[in-house]
Amino acid sequence: MRLISWNVNGIRAVAKKGFLDTVKELDPDILCIQETKASVDQLDDSLLNIPGYKSYFSSAERKGYSGTCVYTKREPVSVSYGLGEDEFDHEGRTIELDFGDFILYNIYFPNGGRGPEIVEFKLRFYDCFLKKVKKQMDEGRMVLVCGDVNTAHKEIDLSNPKANSKISGFLPEERVYMDHFAETGLVDTFRMLYPDVTEKYTWWSYKTFARDRNVGWRIDYFF
DNA sequence: TCCTTGGTTCA
DNA sequence: CGCCATGCG
DNA sequence: TGAACCAAGGACCGCATGGCG
């Protein structure tokens, strides 16, 4: 089974740049999208109904902000939106699909770059999420998680760990939560398969051609 | 992210 | 509608 | 004196919205 996670930074923008062709080529069984930046009524039928897939959308109340969706060939038993905690459920960040033999979360975790109070919000979000997952695991459920976590775990996971140790995305208090993910039983699959591989990133700064030079961060995960 | 400015340390 | 500023990442 | 090492501040790009004429 092929699962894909993709932060598109505007699904309408990528739709103009071959999104549907790419999906066809990649042929995922389940495709998890973050940062759709759109509400359902802003999307036309080609995005709402991709042939062969069921689709589920969750949008922020604020226009043009955040938002997630999932396209899946296999039909889930049930789908729910949000973490079940009012504070975290107004920005379309969480889609939870129950497939019976496993639960899959597609999550766009908050970006803390706008200030300390947003970092606090991000940490509370992590906390709420982990409590929920722990409960499900204690009940014997298998849980898969993918999405944009917005934190690099260890020094190996970004180009300039020293210079970024005071920047949101690599703060000590954020990295501790990546430890908590592991303690909860959520395995960073990439790092499990490639424990020593360096310079593999999922996000690059828009500044100074960072992507061309592969100066980046690994902040998107499959657990 | 990178470059600049300005401040500190220490051979 | 085009143009520019703002918010966000 | 000057080399080396920081901390802090500013410009930077792309998507989307909204105000204005």
Side-chain angles (χ1 to χ4, degrees), chain A residues 5-23 31-48 57-71 82 87-95 106-126 129 146-175 177-178 198-221:
Chain A
S5 174
W6 184 3
N7 184 323
V8 293
N9 186 28
I11 197 168
R12 287 170 291 172
V14 292
K16 295 177 197 159
K17 296 188 278 192
F19 172 73
L20 290 170
D21 292 337
T22 303
V23 172
L31 173 61
C32 296
I33 303 289
Q34 302 92 40
E35 284 204 86
T36 55
K37 298 191 175 188
S39 54
V40 169
D41 59 284
Q42 289 173 313
L43 300 176
D44 60 43
D45 191 62
S46 65
L47 289 173
L48 293 174
F57 296 83
S58 183
S59 307
E61 290 169 7
R62 174 179 185 155
K63 287 176 80 70
Y65 178 68
S66 184
T68 50
C69 71
V70 176
Y71 299 99
E87 181 184 13
F88 309 117
D89 293 347
H90 295 277
E91 297 176 324
R93 295 181 178 277
T94 309
I95 302 179
N106 174 29
I107 309 197
Y108 172 47
F109 286 90
N111 181 314
R114 217 160 4 105
E117 64 288 352
I118 313 293
V119 172
E120 287 300 316
F121 174 71
K122 176 182 182 179
L123 299 183
R124 290 198 300 278
F125 195 110
Y126 283 146
F129 164 72
C146 71
D148 181 347
V149 177
N150 264 316
T151 298
H153 189 185
K154 298 185 174 168
E155 297 208 345
I156 193 175
D157 296 315
L158 71 166
S159 295
N160 299 317
K162 298 266 185 317
N164 286 306
S165 62
K166 293 183 176 175
I167 302 292
S168 177
F170 200 57
L171 295 172
E173 60 267 37
E174 296 171 333
R175 296 175 59 193
Y177 270 94
M178 296 300 99
T198 60
E199 297 177 358
K200 293 295 182 186
Y201 306 124
T202 65
W203 180 83
W204 300 262
S205 167
Y206 50 80
K207 299 161 181 140
T208 57
F209 304 99
R211 186 161 188 172
D212 297 337
R213 295 175 299 117
N214 196 31
V215 176
W217 305 44
R218 197 171 68 88
I219 58 175
D220 300 79
Y221 300 84

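Here is how names work: the chains are called A, B, and so on, in the same order as the sequence lines, proteins then strands, and each is numbered from 1.
Counting heavy atoms from C-beta on, the side chains of Val149(A) and Tyr177(A) never come closer than 4.5 Å.
Proximity note for Thr208(A) (side chain, C-beta onward) versus dA7(D), dG9(C), dC2(B): the nearest is dC2(B). Minimum atom distance to the side chain of Lys63(A) is reached by dT17(D), of the listed dT17(D), dC2(B), dA7(D).
Regarding contacts with the backbone of dC8(C), a side-chain N or O of Arg62(A) is found under 4.0 angstrom from either OP1 or OP2. In this model, the phosphate group of dT1(B) is approached by a side-chain N or O of Trp217(A) to a distance below 4.0 Å at OP1 or OP2. Remark: Arg114(A) is in phosphate contact with dG9(C), judged by side-chain N or O atoms under 4.0 Å from OP1 or OP2.
If you measure from atom CD1 of Ile167(A) to atom C1' of dG10(D), you get 13 Å, rounded to the nearest angstrom.
Using a 4.0 Å heavy-atom cutoff across all strands shown, Gln42(A) reaches sugar-phosphate atoms only and no base atom. Across all strands, Arg211(A) comes closer than 4.0 Å to no nucleic acid atom at all (heavy-atom distances).
Taking the six-membered ring where the residue is Trp, Tyr71(A) and Phe19(A) present tilted rings, their angle falling between 30° and 60°.
Between the P atoms of dA11(D) and dA5(C), the separation comes to 14 Å (whole Å).
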Atom pairs under 3.5 Å, N or O on each side, protein against nucleotides 7-9 of chain B: can you list them with distances?
none

Could you list, one pair per line, each protein nitrogen or oxygen that sits under 3.5 Å from a nitrogen or oxygen of nucleotides 12-15 of chain D, together with the distance?
| unit_1 | atom_1 | unit_2 | atom_2 | d |
| --- | --- | --- | --- | --- |
| dC15(D) | OP1 | Lys17(A) | NZ | 2.8 |

